[in-house]
Asker: 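Below you will find the structure I want to go over with you.
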Amino acid sequence: MKTKLSLSMFFIFVVLLILPSHSMAHTHLETSIPEDGETLDTLVEEIILEFDGGIEPFANIEVIGDTGEEVELADIHVEQTRIVIVPSSPLASGIYSVDWSIISEDTHQMEGTFSFTVTADEVVEEEITEVVEEVKEEGDTPSENETEESINESSSDSSAPSFPWPVVFIIVAVIIGIFIIIVMMNKKK
């Protein structure tokens, strides 16, 4: 009996070793735009977080200004390994902290914080608005058809989250191991 039990335990151990090693790893923040500690002399219109593994299609993101107030966000778009954060209005001069919390594909909750500084004045934003208005007056704006095509192209680029296969493989291996142990115990009786 001990030999059969040892054999089944060895089988379970081998199956767990065969599983991809990345299934046991947690997802971490790989890069961000802006980077942690970076100082920018332009307004920030979006913040991008890039992770080293897959993430679930939801995230908890807070952008806090140097006054301690939370920045209003227009959109948080979660893709397979990336989050794009769009503030309601571009971030002007100040120090900003980004607090993030995600669930990785391996179902572990991960969180972190990074900060950056913006030294651009609001005057730059007004100048940009003036330039955009001048371009519109010159007739260089895209036609409605071109705008609709670009919207359709960008909406079709989103990726569906991937299924957590490593977790399924672990569960199946454990079930098989339990089944083998039960069969062996019943044979002894």
Side-chain angles (χ1 to χ4, degrees), residues 22 25-162 164:
H22 68 82
H26 302 305
T27 300
H28 297 95
L29 180 64
E30 191 169 61
T31 60
S32 65
I33 301 173
E35 293 180 359
D36 186 22
E38 185 175 3
T39 300
L40 301 133
D41 60 358
T42 60
L43 300 175
V44 174
E45 295 183 5
E46 67 180 13
I47 301 166
I48 300 173
L49 308 179
E50 187 73 42
F51 294 88
D52 62 0
I55 58 175
E56 294 298 324
F58 44 84
N60 184 20
I61 307 289
E62 290 182 352
V63 179
I64 314 271
D66 52 7
T67 62
E69 276 189 40
E70 189 173 340
V71 173
E72 185 178 333
L73 302 177
D75 188 29
I76 299 174
H77 182 71
V78 180
E79 298 172 4
Q80 210 166 5
T81 59
R82 155 188 263 212
I83 300 174
V84 178
I85 306 156
V86 180
S88 295
S89 60
L91 303 179
S93 291
I95 300 171
Y96 296 92
S97 172
V98 178
D99 297 331
W100 57 269
S101 175
I102 55 110
I103 305 267
S104 63
E105 280 185 343
D106 65 358
T107 69
H108 288 92
Q109 181 173 357
M110 303 299 291
E111 56 187 39
T113 301
F114 69 93
S115 61
F116 59 91
T117 304
V118 178
T119 59
D121 291 327
E122 288 77 13
V123 175
V124 174
E125 182 178 1
E126 291 173 9
E127 290 173 3
I128 291 173
T129 305
E130 289 173 10
V131 169
V132 168
E133 288 175 5
E134 287 176 17
V135 169
K136 284 182 181 179
E137 289 173 4
E138 292 175 6
D140 289 342
T141 57
S143 68
E144 287 183 30
N145 289 339
E146 291 173 343
T147 304
E148 285 181 26
E149 288 174 10
S150 67
I151 290 171
N152 289 337
E153 287 174 11
S154 65
S155 65
S156 67
D157 289 342
S158 62
S159 302
S162 62

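Just so you know, these numbers use all the heavy atoms, side chains as well, and skip hydrogens, waters and symmetry mates. Starting from 1, each residue takes its place in the sequence as its number.
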Asker: For the CD atom on E38, are there more than 12 heavy atoms of other groups (residues, nucleotides or ligands in this structure) within a distance under 6.0 Å?
Answerer: yes

Asker: Residues in salt bridge (charged side-chain N to carboxylate O under 4.0 Å, His left out) with E50, at least two apart?
Answerer: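 Residues passing salt bridge (charged side-chain N to carboxylate O under 4.0 Å, His left out) with E50: R82.
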
Asker: Tell me the closest heavy-atom pair linking S104 and T27, and the distance in Å.
Answerer: CB-OG1, 3.1 Å

Asker: Ignoring hydrogens and geometry beyond distance, is a side-chain donor-acceptor pair present between D106 and H108 at under 3.5 Å?
Answerer: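 Looking only at side-chain atoms, H108 and D106 do form a donor-acceptor pair, the distance falling under 3.5 Å.
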
Asker: Would you check if P87 and V44 make a side-chain contact, meaning some heavy-atom pair closer than 4.5 Å?
Answerer: no

Asker: Can you measure from CD1 (I76) to CD1 (I61) and round to the nearest 0.5 angstrom?
Answerer: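 Output value for this atom pair is 5.5 Å.
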
Asker: Any non-hydrogen side-chain atom of F114 less than 4.5 Å from a side-chain atom of L29?
Answerer: yes

Asker: Are the side chain of D36 and the backbone N or O of S115 linked by a donor-acceptor pair below 3.5 Å?
Answerer: yes

Asker: Could you tell me which non-hydrogen atom of T81 sits nearest to which non-hydrogen atom of G53, and how far apart they are?
Answerer: CG2-O, 3.4 Å

Asker: Evaluate the side-chain proximity of W100 to L49: yes if any heavy-atom separation is below 4.5 Å, no if none is.
Answerer: yes

Asker: Are more than 12 heavy atoms, taken from residues, nucleotides or ligands other than E70, located less than 6.0 Å from that residue's CD atom?
Answerer: yes

Asker: Going by the side-chain contact (heavy atoms from CB on, under 4.5 Å) test, name the single residue among I64, I47, V63 that passes it with V71.
Answerer: V63

Asker: Quick one: OG on S89 to CD on E72, what's the gap to the nearest 0.5 Å?
Answerer: 8.0 Å

Asker: Would you give the length of the straight line joining atom CG of D75 to atom OG of S88, rounded to the nearest 0.5 angstrom?
Answerer: 10.0 Å

Asker: Rounded to the nearest 0.5 Å, how far apart are CD1 of I48 and NE2 of H77?
Answerer: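 One finds 11.0 Å between CD1 of I48 and NE2 of H77.
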
Asker: When you compare the side chain of L91 with that of F116, does any pair of heavy atoms fall below 4.5 Å?
Answerer: yes

Asker: Can you find a side-chain donor-acceptor pair between T119 and D41 that sits under 3.5 Å?
Answerer: no

Asker: For E30, does its backbone N or O pair with a side-chain atom of D52 as donor and acceptor, under 3.5 Å?
Answerer: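 Not a single qualifying donor-acceptor pair exists.
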
Asker: Is the shortest side-chain heavy-atom distance between I103 and F58 below 4.5 Å?
Answerer: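 Touching, per the 4.5 Å side-chain cut-off.
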
Asker: Using 0.5 Å steps for rounding, measure from the CD1 atom of I83 to the CD atom of E46.
Answerer: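 CD of E46 is found 13.0 Å from CD1 of I83.
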
Asker: What are the two closest heavy atoms between I102 and A59, and how far apart are they?
Answerer: CG2-CB, 3.8 Å

Asker: Starting at CG of N60, measure out to CD of E111 and round the result to the nearest 0.5 Å.
Answerer: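 So the CG of N60 and the CD of E111 are separated by 9.0 Å.
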
